[in-house]
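Just so you know, these numbers come straight off a predicted model, no measurement behind them.
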Amino acid sequence: MGDREIETVKNEDTPETPPLLAVAAVERRFGPGAAALAGVDIALGAGEILTLLGPSGSGKTTLLKVIAGFEAPDKGRVTLNGRDITALSPAKRNIGMVFQHYALFPHMSAAENIAFPLAMRGADRQSIREKVSSALALVGLSGYGERLPRQLSGGQQQRVALARAIVFDPALLLLDEPFGALDRKLRAQMQAEVKSLQRRLGITTLFVTHDQEEALALSDRIAVMNEGRIAQMGTAEDLYRRPASRFVAEFVGEANLFRGRAGVIGGPAHARTVEVKLESGGEMLASLPPGDRSVHYGADLALVLRPERPHRLDAGGTAENRVTGTVAEAVYLGETIRYRVALERGGEILLRWPAERERLAPGTRVDLGWSAADLTAVVWT
């Protein structure tokens, strides 16, 4: 077919599977200031884990509260299993929720805490006993049912909160920074346990965190939020390798940013490149994603370079992009070493290389290179 594009034809006889959770154009304001949510759209498939990731004040918890029914949106709607639940009370939404600080009843035993949502739904005693026993076993707390929350460790209390959230077979599980009060080791353990439990139960889950590593460890997809909007949604690899904005590039992982003006744009549709005249002097060549038309001649751009991409050039070595500098700092981080290199033309570049590579001592002069494909060009906003 040569260079002709292949048209994808949608089969109208095969309807798309509707999302289990759909948030459509949801807005929420608190007073006359900026909107806490400014037209948020999210679609979550059955059995999926989606993480809302963003800085404090980005709207993550407000969105979770709107979905749970603790906040009413000013505009937009929320549907669950095709049913509009926007105006329903939290108790009628069939949604389980785990909070950062557990919210366990201190005067109730672990078993009584877990039984509470079943009792509120009018379940009979035998059914409650069986389901509570099963939930305790699922979270690894068989034999702990009679203990009060104060007699349990932080991790055990979190397991009780999780068991209480899933004991009534909710259609959706919401987790609001559930591991924030745990130490690093226990946090990693609970992340693994929650993901394993979610996979076994197949329960659709929406997770809120500001911790990037936590989002990467748990999620099928990640929605990065900023100022009440979804800045970008995709897999962890999408967000890291193909950030859609300067904010996403800086927030997800480490990044070197170079500012400049777009010059000549060329190449075939599947391999377009842009020459960028840098603000600091010199030029760089960057690849553009297929179909991207946001970059035009003269555009103010940010070039995103992840710290593992540059390599050291031997004498006479060539690369599409190259710089020269002096190692200013070397920090050993276990599997990797992070270098800070002061560039001859001004500014600096961050490197993160495997520790088994040749070590570079501070003061070492280095030539570094990388390809156009290693740079992501986004409009500077």
Side-chain angles (χ1 to χ4, degrees), residues 212 224 226 231-232 237-331 336-353 357 360 362-381:
Q212 296 177 34
V224 179
N226 186 37
Q232 187 176 354
E237 184 175 1
D238 287 336
L239 300 179
Y240 187 79
R241 297 189 62 183
R242 293 172 289 277
S245 66
R246 181 165 59 99
F247 171 80
V248 174
E250 292 182 301
F251 191 76
V252 179
E254 296 176 307
N256 296 289
L257 294 179
F258 305 97
R259 188 171 186 173
R261 292 282 176 184
V264 176
I265 299 173
H270 64 278
R272 296 169 72 234
T273 59
V274 56
E275 295 177 5
V276 181
K277 186 174 181 59
L278 300 179
E279 190 177 59
S280 58
E283 294 183 347
M284 286 188 186
L285 187 67
S287 294
L288 296 175
D292 187 312
R293 293 294 183 269
S294 63
V295 174
H296 56 83
Y297 183 87
D300 189 10
L301 299 181
L303 299 182
V304 182
L305 177 68
R306 297 300 183 181
E308 69 276 6
R309 305 310 297 177
H311 57 276
R312 189 176 186 182
L313 294 173
D314 297 326
T318 61
E320 289 178 299
N321 298 292
R322 62 178 300 159
V323 295
T324 299
T326 302
V327 176
E329 181 183 58
V331 180
T336 62
I337 297 178
R338 185 171 60 207
Y339 296 102
R340 186 167 52 84
V341 177
L343 302 179
E344 283 188 351
R345 67 185 179 208
E348 62 182 36
I349 190 171
L350 186 68
L351 309 176
R352 190 158 183 159
W353 289 347
R357 282 192 193 178
L360 302 179
T364 303
R365 186 177 182 278
V366 290
D367 292 317
L368 301 169
W370 58 89
S371 70
D374 290 324
L375 282 176
T376 299
V378 295
V379 176
W380 187 286
T381 54

Measure across [X] and [Y] and return the closest heavy-atom pair with its distance rounded to 0.1 Å.
| X | Y | result |
| --- | --- | --- |
| Val378 | Pro243 | CG1-O, 3.3 Å |
| Leu360 | Ala330 | O-CB, 3.8 Å |
| Leu350 | Arg338 | CD1-CG, 3.4 Å |
| Leu375 | Ala286 | CB-CB, 3.8 Å |
| Ala319 | Leu313 | CB-CD2, 4.2 Å |

Residue pairs passing the side-chain hydrogen bond (donor to acceptor under 3.5 Å, both in side chains) test where at least one lies in residues 315-325, sequence neighbours excluded: Thr324-Asp367
CG on Leu303 to OG1 on Thr376, rounded to 0.5 Å: 9.0 Å
Please answer whether the main-chain N or O of [Y] pairs with a side-chain N or O of [X] as donor and acceptor at a distance below 3.5 Å.
| X | Y | answer |
| --- | --- | --- |
| Trp353 | His311 | no |
| Asn256 | Leu305 | yes |
| Tyr240 | Gly253 | no |

By side-chain hydrogen bond (donor to acceptor under 3.5 Å, both in side chains) - contacts of Arg352 (at least two apart): Glu254, Thr336
Glu283: partners by side-chain hydrogen bond (donor to acceptor under 3.5 Å, both in side chains), with sequence neighbours left out: none
Partner set under ring-ring contact (aromatic ring centres under 6.0 Å, His included) for Trp370, not counting sequence neighbours: none
Residues that Arg309 engages under salt bridge (Lys or Arg N to Asp or Glu O under 4.0 Å), provided they are two or more places apart: Asp374
Arg357: partners by salt bridge (Lys or Arg N to Asp or Glu O under 4.0 Å), with sequence neighbours left out: none
With [X], which residues qualify under side chain to side chain contact (heavy atoms under 4.5 Å, CB included), at least two apart?
| X | value |
| --- | --- |
| Ala328 | Arg340 |
| Arg246 | Glu250, Leu257, Ala302, Trp380 |
| Arg345 | Leu278, Ser280, Met284, Val323 |
| Ala262 | Val274, Val295, Ala299, Leu301 |

Where at least one partner belongs to residues 265-280, residue pairs that pass salt bridge (charged side-chain N to carboxylate O under 4.0 Å, His left out), sequence neighbours excluded: none
Any pair counted as ring pair (Phe, Tyr, Trp, His ring centres under 6.0 Å), so long as it reaches residues 245-267, sequence neighbours left out: Phe247-Phe251
Worked verdict on Leu351 versus Leu368 for side chain to side chain contact (heavy atoms under 4.5 Å, CB included): CA-CA 10 Å; Leu351 309 176; Leu368 301 169; 4.0 Å; yes
